[in-house]
Peer 1: 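I have a structure I would like to understand better, so I am pasting it below and will then ask my questions one at a time.
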Amino acid sequence: MAGSSSVASTSIMDIDGYKKSVLAPPGTVPSVHVNAHPLVLLNISEHWTRTRAQNGRPQTVFGAVIGKQTGRLVELLNSYELVTCEVGGSVIIDDAYYQMKSEQFKQVFPDFDMLGWYSTGEDPTDADIKIHKQICQFNESPILFRMDPLLRKSETVPIKCYESVIDIIEGEAVMLFVELNYSLVTEDAERIGVDHVARISNVESSSAEGEDSLVTQNLTAQHSAIKMLASRLNILKAYLQAISDGEVEPNHAILRECNSICHRLPILNTKSFQEQFFNQCNDVELMAYLGIITQGCQVMNQFVSKFNVLYDRVGPGGGRRGRSLPFVGL
Amino acid sequence: MASATEKFVISICEISVAPESQNAVCTLIARLYDSLVKSPTAHLDAALGALTHEEHSLGILAILSAKLHQLEVVDAGSGKRYYSVEVASLDKLLAQLDSFVRAGNMEHVRYAVDTYTEMIHRMAELLIHRKEAIRGISIVAKAVERIRTSETLLTPTHTDLCHLCLSAKSFQAAFPFLDIDITDLQKPSSQAAYDSKAFLLYYYYGGMIYAVFKKFKRASYFFEIAISTPASVISAIMVQAYKKYILVNLISNSGEPLVPKFTAPVLSRGLKTHAGAYQDLYHSYNSSVQSTLQATADKHRPIFERDDNYGLVKQCIKSLYIKNIKKLTKTFLTLSITDVANRVHLPTSAEAEKYLLKMIENGEIYAKINKKDDMVEFHDNPEKYNNPAMLAFIQQQEKICVAVNKKMSDMEREISVTPDYVSKVGSYSADDDIAKPSTSAGMTSISENL
């Protein structure tokens with residue numbers, strides 16, 4: 001997609017061969033390349049975390065992934081959750097719910113197609129193959145987007161992508177997963193959201209309260225600095241006051257120090273400070289002014305509509321045909 | 001035998017003894033007023049001496065009104081009213097009126113506010129008729145000050161004040177009243193609505209007074225109110241106000257539209273026929289070509305002169321030079337003064353320099369004239385909006401806005417509790433004793449009256 005830029009590219013080379021029943025042998029060539037957008041990752045991670053918080057224990061979550069496909073390039077742009085139920089140990093996707101949801105997404109994103117599904121957990125198993133076969137009813141060759149939320153030691157994003165192939169093993173047609181190469185991409189608009197999330201989580205990890213924004217932190221620091229300065233200056237003032245009242249013998253060394261400090265203080269009287277201060281002050285006032293005017297417009301609007309209700313038909317002139325309203329709306 | 005006035009004084013004194021007797025006094029006066037008008041002036045003066053301002057203000061009001069009424073002569077042939085009065089009795093009457101508006105008990109007078117209004121109006125007419133308008137200004141100003149219940153209340157007496165000021169060509173007394181934005185109209189004591197003529201004239205006269213002092217923005221605002229008052233027929237006052245509205249807007253180069261937005265449809269349709277010459281002038285001014293404007297002004301000169309507006313038209317022509325010079329500042333940084341004169345079609349460069357100097361003085365442009373090379377150098381606006389004065393200005397504007405908002409919320413609430421509104425909206429409120437609206441009804445009464 002134009003305007004997209006690659007953030008991280010991960011190629012998965014080391015494929016474990018021990019779950020031969022599900023994964024295709026290492027030599028199989030994947031047919032498509034996947035570009036995953038951050039919204040999908042955030043959705044899955046949020047879905048899993050929420051379910052865990054609600055149920056009190058980690059649980060595998062399922063959802064559908066939508067996006068666009070151009071040739072051999074698959075863009076995963078968004079996702080939504082799917083309702084599932086367990087019947088006899090195997091997971092069944094709620095078909096009616098999926099149809100409804102997909103209908104709704106079609107209205108908002110008409111050019112997005114259902115491209116696959118996502119779930120959480122480690123490497124795919126036989127159970128996933130069963131779900132995959134259900135998804136195949138909606139899309140001939142769906143992609144499985146797998147996130148492993150418990151993987152801690154990985155250097156890369158704990159995500160794997162699979163597509164399915166039909167292979168003949170011991171004379172039977174068996175569905176196998178082939179791991180796909182994928183890249184994480186972001187658009188400019190998405191990056192804003194991601195940056196925001198990243199920054200908040202950074203702040204959360206660094207501060208104990210976790211609710212302060214960066215601005216608050218910054219201002220709190222300045223505030224405490226100024227408070228400290230003020231309290232120190234008050235000490236100086238009290239000392240000088242005491243000298244002038246004759247309670248303390250003047251110490252010329254200290255007075256000399258006081259003098260030099262005081263010379264450095266009047267920083268706030270400079271012209272450039274005044275200019276900047278009033279710049280900001282006036283800007284804030286203007287914002288308030290705008291708010292007041294907006295409020296006035298709203299009151300005016302209400303007044304006009306009520307006025308028109310009141311004087312619509314019994315107004316002056318006594319009911320001319322097609323009469324105009326006394327006041328025109330804003 | 002007791003004369004009519006003696007009877008009147010006795011009954012007034014009798015009734016006034018009781019507290020809260022004002023309504024009874026009003027009824028009595030209404031009954032005896034005609035006999036008072038017919039009584040000889042000497043009797044009336046004697047009666048005045050028997051009444052005190054504190055207790056019998058209504059009686060004094062009736063007698064003074066009757067005295068003024070007596071001076072009125074209706075010409076049998078033309079039906080016109082004029083006044084005939086001797087200098088000595090006029091002096092005495094004015095002194096009596098003056099002491100009444102200063103000392104009279106306005107709490108009582110408010111029960112007969114119509115009589116009060118009419119009395120002041122008669123006096124104003126009388127003085128204007130005698131071309132002695134200046135003698136009435138201080139009395140009328142005091143009369144307005146005493147009768148109004150709040151500063152923002154408009155009374156018909158305001159109109160008389162403006163009229164007197166215009167006739168006397170002495171305006172200072174009017175400004176303290178004009179500068180206050182009106183939010184309420186005085187409720188007449190009878191059932192009649194506020195006199196629409198007085199309302200329109202107040203804004204027409206007010207606009208004229210501001211125009212004299214070249215406060216064109218405020219003048220335009222006053223004329224605009226007169227024009228955009230809801231109406232179902234065209235008033236001559238509105239048409240005259242509209243003519244001046246166009247002229248002051250052209251002079252102040254404010255870019256207001258040809259017809260104010262809220263003009264009643266019947267008026268905006270009629271303006272083309274009634275003020276076509278002025279609309280022509282508006283269009284040729286906006287062509288920005290000096291010769292076109294001059295041609296239009298010459299073409300319609302008889303109309304402008306008949307309307308006594310030619311002086312304003314001449315100011316319009318001058319203001320187009322200013323507008324064109326302002327336009328130059330958007331293109332040029334430096335320009336020779338001869339060039340300025342050529343581009344705005346001024347005859348001489350000395351003339352152009354005069355305009356430039358005046359504009360710099362008025363703060364309309366920011367420029368420097370270099371006398372050595374006869375060049376003018378245009379600057380940007382030096383205002384950086386970062387000073388305390390600007391802060392104070394914004395805060396002041398905010399205060400005004402908040403006040404306006406509050407006023408509007410009040411008016412809105414008043415509508416919400418009108419029985420009419422409640423029944424129209426369909427949700428009947430449980431309270432039956434909903435207060436009658438006062439202000440909004442006052443404002444709309446204008447439209448009902450027109």
Side-chain angles (χ1 to χ4, degrees), chain A residues 215 219 222 226 265-330, chain B residues 193 196 228-233 261-266 268 383-426 437 440-441 443-450:
Chain A
V215 179
L219 288 180
Q222 285 188 9
I226 291 169
L265 281 178
I267 249 169
L268 299 190
N269 284 337
T270 58
K271 194 161 177 273
S272 78
F273 170 79
Q274 291 285 339
E275 277 177 8
Q276 295 221 359
F277 175 72
F278 280 109
N279 247 337
Q280 272 204 1
C281 222
N282 288 350
D283 282 357
V284 172
E285 281 298 327
L286 279 176
M287 289 297 292
Y289 190 29
L290 183 66
I292 294 169
I293 290 176
T294 317
Q295 197 192 357
C297 289
Q298 193 234 352
V299 176
M300 176 73 123
N301 224 340
Q302 283 181 359
F303 174 70
V304 167
S305 58
K306 282 189 178 165
F307 189 94
N308 281 342
V309 168
L310 189 57
Y311 292 99
D312 187 2
R313 271 171 258 283
V314 294
R320 281 172 289 146
R321 77 198 143 67
R323 41 168 294 99
S324 57
L325 299 178
F327 279 132
V328 212
L330 289 172
Chain B
S196 60
S228 54
T229 304
S232 47
V233 285
K261 206 173 163 192
F262 298 118
T263 311
V266 59
S268 44
E383 175 64 62
K384 290 280 183 284
Y385 303 100
N386 57 0
N387 48 50
M390 186 51 70
L391 181 70
F393 176 73
I394 299 173
Q395 280 175 342
Q396 190 204 344
Q397 293 297 313
E398 279 173 14
K399 259 186 213 150
I400 295 172
C401 277
V402 169
V404 171
N405 284 359
K406 194 173 168 302
K407 187 76 207 164
M408 278 203 298
S409 310
D410 289 351
M411 285 165 72
E412 193 212 329
R413 205 163 304 129
E414 267 168 29
I415 285 195
S416 314
V417 297
T418 319
D420 267 359
Y421 177 80
V422 178
S423 66
K424 274 193 179 172
V425 171
S440 57
M443 287 303 282
T444 50
S445 63
I446 309 157
S447 50
E448 274 155 17
N449 206 34
L450 287 169

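Order of the sequence lines sets the chain letters (A, B, ...), proteins ahead of strands, with each chain counted from 1. Below, all heavy atoms of this structure are taken into account, side chains as well, without hydrogens, waters or symmetry copies.
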Peer 1: With a 4.5 angstrom heavy-atom cut-off, could you sort out which part of B:V402 is near chain A: side chain, backbone, both or neither?
Peer 2: both

Peer 1: Output yes when a side-chain donor or acceptor of B:N405 lies under 3.5 Å from a complementary backbone atom of A:I292, and no otherwise.
Peer 2: yes

Peer 1: Got a second to check how far B:S416's OG is from A:Q302's CD, nearest 0.5 Å?
Peer 2: 8.5 Å

Peer 1: Minimum heavy-atom separation for B:L391 and A:E285, please, with both atom names.
Peer 2: CD1-CG, 3.3 Å

Peer 1: Heavy atoms only, distances under 4.5 angstrom: which of B:A264, B:C401, B:S228, B:P388 has the most pairs with chain A? Name it, please.
Peer 2: B:P388

Peer 1: Of all heavy-atom pairs between A:N282 and B:N386, which one has the smallest distance, and what is that distance?
Peer 2: ND2-CA, 3.7 Å

Peer 1: For A:Q276, look at atom CD and say whether over 12 heavy atoms of other residues, nucleotides or ligands are found less than 6.0 Å away.
Peer 2: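 No - once you tally the heavy atoms of other residues, nucleotides and ligands closer than 6.0 Å, there are 12 at most.
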
Peer 1: Would the number of heavy atoms belonging to other residues, nucleotides or ligands and lying under 6.0 Å from CD of A:E275 be above 12?
Peer 2: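 Counting neighbours around CD of A:E275, more than 12 heavy atoms of other residues, nucleotides or ligands fall under 6.0 Å, so yes.
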
Peer 1: Determine the minimum heavy-atom distance between A:F303 and B:M411, stating which atoms define it.
Peer 2: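 Here A:F303 and B:M411 meet closest at CZ-CE, 3.5 Å.
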
Peer 1: Does B:Y421 reach the side chain of A:K306, with side-chain heavy atoms less than 4.5 Å apart?
Peer 2: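 Heavy-atom side-chain distance check passes, below 4.5 Å.
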
Peer 1: If you count heavy-atom pairs under 4.5 Å with chain A, which of B:Q397, B:R413, B:M408, B:E398 comes out on top?
Peer 2: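 Option with the top pair count is B:E398.
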
Peer 1: Heavy-atom cut-off 4.5 Å, strictly under: side chain, backbone, both or neither for B:K406 against chain A?
Peer 2: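 Neither the backbone nor the side chain of B:K406 comes within 4.5 Å of chain A.
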
Peer 1: So, taking the atom named CG in A:L286 and the one named CE in B:M390, what distance separates them when rounded to the nearest 0.5 Å?
Peer 2: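 Answer for the CG-CE pair, A:L286 versus B:M390, is 9.0 Å.
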
